[in-house]
Asks: 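Structure provided below as structure tokens; questions to follow.
Model, not experiment: these values are computed from the prediction. As a basis for the values below, the full set of heavy atoms in this structure was taken, side chains included, without hydrogen atoms, waters or symmetry mates.
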Amino acid sequence: MRESSKEIEEGDKAMPRSKDIPADLAALPRSPAEAKAVGCRYYFTGRPCAHGHVAARTAHNGTCQACSNARGLVYAGRAREAKAPERAAARAERQRLREERRQKRAEVEALGFDRKGALESIAWLDRIDAIGLEAAIIEREEKRRAAIEKMKQARLDRMQVEGTEEVFRQDQEKSQEAYWRDPERYRKRRRDRTARGLSGHRARVLRTPPWITKAEKLAIQAFYRECPEDLVVDHIIPIVHPLLAGLHRLANLQYLTARENTQKANRFDCTVEEAAEYVARGLAVWARDVNDFDGTINWSRYPPPRG
């Protein structure tokens with residue numbers, strides 16, 4: 001509540017201050033003139049305003065700060081009431097998204113993914129459902145290559161400014177500091193490289209199920225012997241793949257030209273339901289079940305397929 005001009009003029013004749021007045025109010029000037037003289041925004045007379053507030057007042061217009069705060073609370077309450085439906089809708093949408101996320105995580109865990117990597121798997125599977133597996137892999141690879149090129153360019157710029165030897169020295173120091181901060185992270189990265197390096201005979205041995213029959217092993221050997229000279233043997237479901245790890249079985253082999261095999265690389269497009277079907281038929285295992293250190297598989301989770 002504002003003071004009248006008469007009350008402002010009589011500010012110097014304010015009531016005596018009570019002992020229970022807070023120290024911060026007691027330290028304020030006694031009138032608007034005194035407040036303006038010392039450059040203070042507020043003054044305190046000790047008299048209640050028209051609404052009974054004993055509070056500081058604004059020097060330039062005599063507004064009671066308690067009244068101003070009360071009006072602010074009223075305006076804020078009206079604003080909250082006006083936005084209540086919008087906030088309720090936002091809360092309902094967040095709850096719906098949480099439920100969808102929880103359901104998706106349960107589905108991913110049911111397919112064999114561990115709980116630790118379930119959220120990452122959800123994001124990856126959502127992207128696969130949106131644009132397809134092959135497009136998702138290409139997109140991720142393009143992002144990775146763009147990030148690498150950006151890092152290389154930044155390093156070249158540093159070399160031009162600071163010199164090559166200085167940049168090498170700084171990078172070596174940063175690598176050593178990062179290693180000793182979290183050695184296990186770098187050991188896991190080395191194990192990942194080892195697992196991704198599967199190729200040739202070792203890959204075929206590691207991806208051969210222990211329950212495969214001798215007849216199928218002989219058929220696989222014959223399949224390799226009978227491969228035409230202008231073709232190569234390829235695994236339909238790649239041995240190394242973000243979602244599945246193809247097995248070395250006769251039903252997972254095909255003939256391709258060397259050019260087609262190179263272009264195919266480890267691309268394999270399938271839905272999650274189709275991937276689960278391949279696992280049930282014994283043609284692949286989930287990539288999450290491949291050991292990061294040596295590329296081996298816990299075969300106890302994959303019994304021989306029926307039929």
Asks: Would you say that Arg71 contacts Thr63 through its side chain, given a criterion of any heavy-atom pair below 4.5 Å between the two side chains?
Replies: yes

Asks: Hey, are the side chains of Arg57 and Cys49 touching, using non-hydrogen atoms and a 4.5 Å cut-off?
Replies: yes

Asks: Give the minimum heavy-atom separation between Ile212 and His248, together with the two atoms involved.
Replies: CD1-O, 4.0 Å

Asks: So for atom CD, which belongs to Glu93, do other residues, nucleotides or ligands contribute more than 12 heavy atoms lying within a distance under 6.0 Å?
Replies: yes

Asks: Is there a path of hydrophobic side-chain contacts, each under 4.5 Å between heavy atoms, that joins Val233 and Ile239?
Replies: no

Asks: Looking only at heavy atoms, what is the nearest atom pair of Pro303 and Trp211, with distance?
Replies: C-NE1, 3.9 Å

Asks: Kindly determine whether Leu283 and Leu247 satisfy side chain to side chain contact (heavy atoms under 4.5 Å, CB included), including the steps that lead there.
Replies: CA-CA 5 Å; Leu283 298 179; Leu247 300 183; 5.9 Å; no

Asks: Quick one, Pro209 and Trp299 - any side-chain contact, counting heavy atoms below 4.5 Å?
Replies: yes

Asks: As an exercise, state the distance from CD of Gln65 to OH of Tyr42, rounded to the nearest 0.5 Å.
Replies: 4.5 Å

Asks: Charged N to carboxylate O under 4.0 angstrom, Arg169 versus Glu173?
Replies: yes

Asks: Say whether Leu250 and Tyr224 are linked into one hydrophobic cluster, either directly or through other cluster members, by side-chain heavy-atom distances under 4.5 angstrom.
Replies: yes

Asks: Taking Gly62's backbone N and O only, do any of them form a donor-acceptor pair with Tyr43's side chain (distance below 3.5 Å, no angle check)?
Replies: no

Asks: Excluding sequence neighbours, so at least two apart, what forms ring-ring contact (aromatic ring centres under 6.0 Å, His included) with Phe223?
Replies: Tyr255

Asks: Go through it in stages, so that I can follow the logic: the residues are Lys264 and Gln254, the test is side chain to side chain contact (heavy atoms under 4.5 Å, CB included), and I'd like the CA-CA distance, side-chain angles, deciding distance and then a yes or no.
Replies: CA-CA 12 Å; Lys264 176 178 177 286; Gln254 65 179 351; 4.0 Å; yes

Asks: Kindly work out whether a path of hydrophobic side-chain contacts (I/L/V/M/F/W/Y, heavy atoms less than 4.5 Å apart) joins Ile236 to Leu244.
Replies: yes

Asks: Indicate yes or no for a side-chain donor-acceptor contact from Arg41 to the backbone of Thr58 under 3.5 Å, with no hydrogens or angles considered.
Replies: no

Asks: Is there a donor-acceptor contact under 3.5 Å from the side chain of Arg267 to the main chain of Gln263?
Replies: yes

Asks: Please report the interatomic distance CD(Glu81) to CZ(Arg87), rounded to the nearest 0.5 Å.
Replies: 10.0 Å

Asks: Would you say Leu206 ends up clustered with Ile220 if hydrophobic residues are merged whenever their side chains have heavy atoms under 4.5 Å apart, either directly or through other cluster members?
Replies: no

Asks: Return yes when atom CD of Gln95 has more than 12 non-hydrogen atoms of other residues, nucleotides or ligands closer than 6.0 Å, and no otherwise.
Replies: yes

Asks: State whether the side chain of Glu274 and the backbone N or O of Thr271 hold a donor-acceptor pair below 3.5 Å, judged by distance alone.
Replies: yes

Asks: Using only atom types and a distance under 3.5 Å, with no angle test, would you say the side chain of Thr262 pairs donor to acceptor with the backbone of Ala258?
Replies: yes

Asks: Would you check if Asn252 and Tyr278 make a side-chain contact, meaning some heavy-atom pair closer than 4.5 Å?
Replies: no

Asks: Is the closest side-chain heavy-atom distance between Trp286 and Arg301 below 4.5 Å?
Replies: no

Asks: Please find the pair of heavy atoms, one from Glu166 and one from Glu162, that lie closest to each other, and give the distance.
Replies: CB-O, 3.5 Å

Asks: Ignoring hydrogens, what is the shortest heavy-atom contact between Arg207 and Ala245? Give both atom names and the distance.
Replies: NE-CB, 3.9 Å

Asks: Has Ser31 got a side-chain atom pairing as donor or acceptor with Glu34's backbone, closer than 3.5 angstrom?
Replies: yes

Asks: Is it true that Glu100 and Arg96 make a salt bridge, defined as a side-chain N closer than 4.0 Å to a carboxylate O?
Replies: yes

Asks: If you define the side chain from C-beta out and look only at heavy atoms, does anything of Glu216 sit under 4.5 Å from Thr213?
Replies: yes

Asks: Determine, step by step, whether Glu149 and Gln153 satisfy the side chain to side chain contact (heavy atoms under 4.5 Å, CB included) criterion, reporting the C-alpha distance in whole Å, the side-chain angles of both residues, the deciding distance to 0.1 Å, and the verdict.
Replies: CA-CA 6 Å; Glu149 290 299 327; Gln153 187 59 45; over 6 Å; no

Asks: Does one hydrophobic cluster hold both Leu256 and Leu231, with members joined at side-chain heavy-atom distances below 4.5 Å?
Replies: no

Asks: Nearest 0.5 Å please: distance from the SG atom of Cys64 over to the NE2 atom of His51.
Replies: 9.0 Å

Asks: Would the distance check show the side chain of Glu86 and the main-chain N or O of Lys83 forming a donor-acceptor pair, the cut-off being under 3.5 Å?
Replies: no

Asks: Should Asp157 and Lys152 count as an ion pair when the cut-off is N to O under 4.0 Å?
Replies: no

Asks: For Lys36 versus Ala59, what's the shortest heavy-atom pair and its separation?
Replies: CE-O, 3.5 Å

Asks: Return the minimal non-hydrogen interatomic distance between Ala284 and Gly246, and the atom names on each side.
Replies: CB-CA, 4.1 Å

Asks: Would you sort out whether Arg158 and Asp171 count as a salt bridge (charged side-chain N to carboxylate O under 4.0 Å, His left out), showing the intermediate values?
Replies: CA-CA 11 Å; Arg158 286 175 54 207; Asp171 290 348; 3.3 Å; yes

Asks: Less than 4.5 Å apart, side chain to side chain, heavy atoms only: is that true for Arg47 and Val54?
Replies: no

Asks: Please determine whether side chain to side chain contact (heavy atoms under 4.5 Å, CB included) holds for the pair Leu243 and Phe268, giving the CA-CA distance in whole Å, both sets of side-chain angles, and the decisive distance to 0.1 Å.
Replies: CA-CA 9 Å; Leu243 183 63; Phe268 183 70; over 6 Å; no

